[in-house]
Amino acid sequence: MVAQLLRLKLRLLGNIFRRSAWQVVGLSLAIAYGLTVSVLLFLALVGLRSVEDVALVRDVLVVCGSATVLGFLVVPLVFGVDDTMDPRRFALFGIPDRTIALGLAIAALIGVPALTLAIVLTGTVVTWSRGFGETVFAVLGAALAFATCILGARLAAGVAGLLLETRRARDVGAVLGVLLVVMLAPIAVGLTTVDWVASGRRAVEVFASALSWTPLGAAFAVPGEAATGAWGLAALKLLIAAGTVWLAWIWWNALVAKMLVTPGREASARSYHGLGWFGRTTHGPTGAIAARSTTYWFRDGRYWVPMLMVPVAPLLVVFPFSLAGVPPMYLGLIPVPFICLLLGWTLHNDTAYDGTAVWLHVASGVRGMADRFGRVVPVLVTGILVIGIGSSVTVFVLDDWRLLPSLLGVSTALLLGGLGIGSITSAALPYPVAKPGDSPFQQPQSTGAVTAFVQSLALLAALLVAAPALAFAALGIFEDPEWHLAALGAGAGFGLLVFVLGIWGGGRIFERRGPEIVAAAVRA
């Protein structure tokens, strides 16, 4: 049966090259790229054999090896994979659980990730082949590291198959993965500022020392400890690595047994009672559209997935400035206006998210201003809360209440200006987006120049609306605090003016271009 599973895996790999010519070319290039990188890493590891600083080589390989094991664990669990060898596919064949677990584990050895990993780990054997004992420990460590990665990937894929089977679960997992990558970005920027010549060696040593006692790095530390003469530590960490593989094998058998008797999950249909937001808004076109838009913001992943990035985005701006030595007082003034800028910008293509359902607005003769204002209600309410609470917290933390008018003025201009501009662009220049019910990460084919133009136009226009308030705020900070009141007046005045003109102008455009908007929605 194990041989049958191996032949099945080979057949599945062979079928990859039975697709269209362009897909085969793309896959071939991806495979060639992966193998090229692995060969280059192999050659680099061979070159490390001549490095005399054994401790440094050990620490670097432990850190890099731990990151590799973590990648095999995190990628399938967070982003999910299309597991063609899912254990549940063999549930009806009456095969013993342990046979399926063994066969699928061995079948996982066939594939590009396993091949590239084997090439790199072979390079580590060459790195530590500095004596008979070191070579033996290097072979054992490489074998245990290989088994840890493969079994870890199988476990992660199995858990992902159980937890991320529905589309909503996969979307949530992808969002968490994107947030993780975004949160790691400041760390990567911070690492570039470290003086590696002076303090980098010590940092790597500390990380490697901790990781070498964990399942992530124990197998990679084994030959390094042997090469430094610490044979007792090498044997102890070899036991940790072997215990990790043994536990992973037990968990893999248990997971396969669980999956074989667990049916696939289906998205549960929610039952809603009452009118929801429609019972909380005014009875009329504007209230109905506001209620529908609010419902979309809470239930439609195409809306709430980007909104999850809004609170995180200011960190990507603040952190580099903090590394550049910008005083904390100035850094504290960035988050609230930046969030308001992103909130106002989110509506620049809101009409396209209706899809073909926008015909209801056109066919029912809804006034354009009612459509435009109803759509901005959920974002407007959210923005008002952000401005009020965020500005108060900011000046309290900075202990300078004189800054409050400028924060209120600049944030208001960015929010209202963005909503006003977005009310115009979403009616005049809608571009295709993911259709209702599709994954928010699925992007349709569209004219990239138009998309980039609309997005850039909406962003730059909102900044221009807030430019006077920003100028007065700068004068209030660097010249005279009395300018802060001017920033509040300019921000509120220009923001409100653009907001009103945007609702009115966007409404006129929506009424005039109703048929074209419906035609664009149908084509998309």
Side-chain angles (χ1 to χ4, degrees), residues 186 297 306-348 373 376-423 458-503:
W297 279 100
M307 287 297 290
L308 291 177
M309 301 297 299
V310 171
V312 181
L315 297 177
L316 303 179
V317 179
V318 171
F319 191 79
F321 282 119
S322 66
L323 295 177
V326 177
M329 187 192 76
Y330 302 144
L331 295 178
L333 299 175
I334 294 177
V336 174
F338 194 79
I339 290 175
C340 291
L341 173 64
L342 295 180
L343 284 175
W345 181 79
T346 55
L347 276 160
H348 71 276
F373 186 76
V376 306
V377 167
V379 181
L380 182 62
V381 173
T382 303
I384 292 174
L385 294 176
V386 169
I387 293 174
I389 299 174
S391 300
S392 301
V393 171
T394 299
V395 296
F396 176 78
V397 173
L398 297 178
D399 195 20
D400 190 352
W401 291 90
R402 296 175 302 176
L403 299 171
L404 183 60
S406 287
L407 264 178
L408 294 174
V410 172
S411 302
T412 301
L414 291 172
L415 176 66
L416 296 182
L419 294 178
I421 299 298
S423 297
L459 196 65
L460 292 176
L463 291 173
L464 287 176
V465 173
L470 286 168
F472 289 136
L475 291 174
I477 294 173
F478 298 107
E479 297 293 339
D480 189 346
E482 292 185 1
W483 286 104
H484 289 309
L485 292 177
L488 174 60
F494 280 102
L496 185 60
L497 176 63
V498 173
F499 179 76
V500 173
L501 291 177
I503 296 295

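Values below: every heavy atom of this structure, side chains too, minus hydrogens, waters and symmetry copies. Sequential numbering from 1 along the given sequence is applied to the chain's residues.
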Nearest heavy-atom contact between Pro314 and Pro335 is CB-CA, 4.0 Å

query: With under 30° as parallel and over 60° as perpendicular, where do the rings of Trp483 and Phe472 fit, or are they tilted in between?
result: parallel

Counting heavy atoms not belonging to Phe499, are there more than 12 under 6.0 Å from its CZ? yes

Inset, instruction - Start with the C-alpha distance between Val376 and Ser423, add both sets of side-chain angles, then the distance that settles side chain to side chain contact (heavy atoms under 4.5 Å, CB included), and finish with yes or no. - result: CA-CA 8 Å; Val376 306; Ser423 297; 3.8 Å; yes

In short, Ser406 meets Ala487 closest at the heavy-atom pair OG-CB, 3.5 Å

Val336 and Ser411 have their tightest heavy-atom pair at CG1-OG, 3.5 Å

The single option from Leu380, Val465, Val500 that satisfies side chain to side chain contact (heavy atoms under 4.5 Å, CB included) with Leu416 is Leu380

Exercise. Are Leu414 and Leu463 close enough, and set up right, to give a side chain to side chain contact (heavy atoms under 4.5 Å, CB included), and what steps lead you there?
Worked result: CA-CA 7 Å; Leu414 291 172; Leu463 291 173; 4.1 Å; yes

Taking every heavy atom of Pro328 against every heavy atom of Leu398, the minimum-distance pair comes out as O-CD2, 4.1 Å

So CD1 of Ile384 and CG of Leu343: to nearest 0.5 Å the spacing works out to 11.5 Å

Between the OG1 atom in Thr346 and the CG atom in Leu341, the distance rounded to the nearest 0.5 Å is 10.0 Å

Taken to the nearest 0.5 Å, the spacing of Ile421 CD1 from Leu419 CG works out to 10.0 Å

Taken to the nearest 0.5 Å, the spacing of Ser392 OG from Leu408 CG works out to 7.0 Å

| Non-hydrogen side-chain atoms of Leu407 and His484 separated by less than 4.5 Å | no

Open item on the list: Are the side chains of Leu404 and Ser391 in contact, using a 4.5 Å heavy-atom criterion?
Closed with: yes

In this structure, CG of Leu464 is separated from CG of Leu459 (nearest 0.5 Å) by 10.0 Å

Leu333 versus Ile477: any side-chain heavy-atom pair under 4.5 Å?
yes

Distance col, row Thr394:OG1 vs Asp399:CG, nearest 0.5 angstrom, shows 13.0 Å

